[in-house]
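The next block holds one structure in the form of structure tokens; read it before the comments.
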Amino acid sequence: MATLVELATFVLVARTGSFAAAARQQGISATMVARRVSGLEDEYRTRLLERTTRTQRLTTVGEMFLERALKLLEDTEALDELKDKNEVRLAGRIRMSAPTTIGVTQVAAVIADFTRQHPEVEIEASFANRKVDLVGEGYDLAIRTGDPGGAGLVARKIGVYRLSCCASPTLIEQFGLPERPSDLAAWPCIINTNLAQPNRWQFRDIESRPSTVAVQGKVRMDNDETQRVLALSGVGCAYLPVDLLRADLETKRLVQLLPGWETESMPVYAVFPSRRFQPRRLEALVGAIASVVSH
């Protein structure tokens, strides 16, 4: 009979398409991965993978085997959680990703508190402005803004990511305060390539009527923190997350432009691989992150 360890190894090979990638995620050799998969094939007297020199592809039987293996592993973990349902103790590993700004301004503090409360939980976090491949790279969770992306993934809305248009006092002295979004067409702007339309900034007036302005600038980038530094130095006005700008706005190092106009906001999602069951440690972490994300 197949062991849970063998099944978990097979699932990783199927997800990553590589013995080497599965070996890295499990901390074992590629030879051991191949041995476990071969053991399953010998046990069930069927070929689960079609092997080439570079990749492995599931056979028809392998696809059915993967579905049943996933269900068995999920049910086993659910039983383990049921055993400890009356205990506060959480344990295990969570591998997650988040955009850089949300990671730095919100998620990092949550992780610090969470690991203090649950010292048996290990968290590996990547803060970067890219959409990781949850399945292929072995992530348990991704925090994403805007389009959660990815067919077959499970996305849960946990909050709203709000943006603000701002500039330094020196830039305002040069150009004067804008009265309407269209005035920004004449301003130097820092183009935020994280936006769906980097050169078209969205606003709404007091009656929620939309207004879009085509902005121009000599600097384009995807790192919010660097854009903030450039805005502080007067390079141009910026369209950035409120959480990143809050301290600068309070100290008047940056000034909110067009305060009577509503700026763009994006939904924030917790995104999981397609699974019916989520470990309690993962549900608890998502709940903690949701509690600090704006609603």
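It should be emphasised that the depicted structure is a prediction, and the values quoted were computed from it without experimental measurement. Throughout, numbering of the chain's residues begins at 1 and tracks the sequence.
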Practice prompt. Could you walk me through whether Arg280 and His118 pass side chain to side chain contact (heavy atoms under 4.5 Å, CB included), step by step?
Written response: CA-CA 12 Å; Arg280 282 195 303 129; His118 308 288; over 6 Å; no

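- Across every non-hydrogen atom of Pro148 and Ala155, the tightest pair is CB-CB, 3.9 Å.
- Distance alone, capped at 3.5 Å, is enough to place a donor-acceptor pair between the Arg281 side chain and the Arg93 backbone.
- Side-chain atoms of Ser168 and Thr170 form a donor-acceptor pair, as typed in the model, at a separation below 3.5 Å.
- Under the 4.5 Å side-chain heavy-atom criterion for Ile, Leu, Val, Met, Phe, Trp and Tyr, Leu195 and Leu245 are members of distinct hydrophobic clusters.
- Interatomic distance, CH2 of Trp201 versus CG of Leu184, reported as 6.5 Å (0.5 Å rounding).
- Heavy-atom neighbours of Gln216 CD from other residues, nucleotides or ligands within 6.0 Å: at or below the threshold of 12.
- Look at Arg95 and Glu124 and you find a salt bridge, because one of the NZ, NE, NH1 or NH2 atoms lies within 4.0 Å of a carboxylate O, short of that distance.
- Screening Val242, Asp243, Thr263 against Arg162 for a side-chain contact (heavy atoms from CB on, under 4.5 Å) leaves a single residue, Val242.
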### Message
If you apply the rule side chain to side chain contact (heavy atoms under 4.5 Å, CB included), what do you find for Leu40 with Glu43, and how did you get there?
### Response
CA-CA 5 Å; Leu40 288 173; Glu43 174 73 24; 5.5 Å; no

Side chain to side chain contact (heavy atoms under 4.5 Å, CB included) assessment of Phe272 paired with Asp140 | CA-CA 6 Å; Phe272 312 91; Asp140 302 298; over 6 Å; no

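- Note: Glu264 CD to Cys165 SG = 11.5 Å, rounded to the nearest 0.5 Å.
- Here SG of Cys189 is found 11.0 Å from CD of Gln227. Values are rounded to the nearest 0.5 Å.
- The minimum heavy-atom distance linking Leu171 with Gly236 is given by the pair CD2-C, 3.4 Å.
- Taken together through direct or relayed side-chain contacts under 4.5 Å among Ile, Leu, Val, Met, Phe, Trp and Tyr, Val268 and Leu282 form part of one hydrophobic cluster.
- Taking every heavy atom of both residues into account, Arg200 and Ala214 meet most closely at NH1-CB, 4.4 Å.
- Interatomic distance, Tyr139 OH to Asp133 CG, rounded to the nearest 0.5 Å: 10.0 Å.
- Hydrophobic side-chain contacts under 4.5 Å tie Val235 into a cluster, directly or through other members, with Ile190, Val219, Met221, Leu230.
- Side-chain atoms of Asn199 come within 3.5 Å of backbone N or O of Val215 as a donor-acceptor pair.
- Of the possible polar contacts, none joining the Asp113 side chain to the Val110 backbone as a donor-acceptor pair under 3.5 Å is found.
- Residues Glu225 and Thr100 bring no donor and acceptor atom of their side chains to less than 3.5 Å of each other.
- Using a 4.5 Å heavy-atom threshold, the side chains of Thr105 and Pro241 count as separate.
- The shortest distance between side-chain heavy atoms of Arg228 and Thr101 does not fall below 4.5 Å.
- Looking at Ser29 and Thr31, their side chains come closer than 4.5 Å, going by heavy atoms from C-beta outward.
- When atom types are taken as modelled, the side chain of Thr59 and the backbone of Arg47 share a donor-acceptor pair closer than 3.5 angstrom.
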Q | Candidate pair Phe114 and Leu90, rule side chain to side chain contact (heavy atoms under 4.5 Å, CB included), full reasoning | A | CA-CA 10 Å; Phe114 193 86; Leu90 298 177; 4.1 Å; yes

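- In this structure, Glu283 pairs ionically with Arg156, as a charged nitrogen and a carboxylate oxygen lie closer than 4.0 Å.
- In plain terms, the two heavy atoms of Ile143 and Ile158 that are nearest each other are CD1-CD1, 4.1 Å.
- Annotation for Pro181 and Val213: closest pair O-CG2, 3.3 Å, computed over non-hydrogen atoms.
- With hydrogens and angles ignored, the 3.5 Å screen pairs a side-chain donor or acceptor of Thr193 with a backbone N or O of Asp222.
- Rounding to the nearest 0.5 Å places CG of Leu163 at 5.5 Å from OH of Tyr239.
- Residues Val61 and Leu66 share a single hydrophobic cluster, defined by chaining ILVMFWY side chains whose heavy atoms lie under 4.5 Å apart.
- The only option from Val286, Val132, Val107 that meets the side-chain contact (heavy atoms from CB on, under 4.5 Å) definition with Met96 turns out to be Val107.
- A distance of 9.5 Å separates OG1 in Thr46 from CZ in Phe65, rounded to the nearest 0.5 Å.
- Residues Pro198 and Arg220 meet the side-chain proximity criterion, which asks for heavy atoms closer than 4.5 Å.
- Heavy-atom minimum distance, Val154 versus Pro273: CG2-O, 4.1 Å.
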Under 3.5 Å, which donor-acceptor pairs do the side chains of residues 249-258 form with other protein atoms, sequence neighbours left out?
from   : atom 1 : to     : atom 2 : distance (Å)
Thr251 : OG1    : Ala247 : O      : 3.0
Thr251 : OG1    : Asp248 : O      : 3.3
Arg253 : NH1    : Asp248 : OD1    : 3.4

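- Connection of Tyr161 to Trp261 is established within a shared hydrophobic cluster, with ILVMFWY side chains joined at heavy-atom distances below 4.5 Å, either directly or through further cluster members.
- In terms of hydrophobic clustering, with Ile, Leu, Val, Met, Phe, Trp and Tyr side chains grouped at heavy-atom distances under 4.5 Å, Leu4 and Met32 are assigned to a common cluster.
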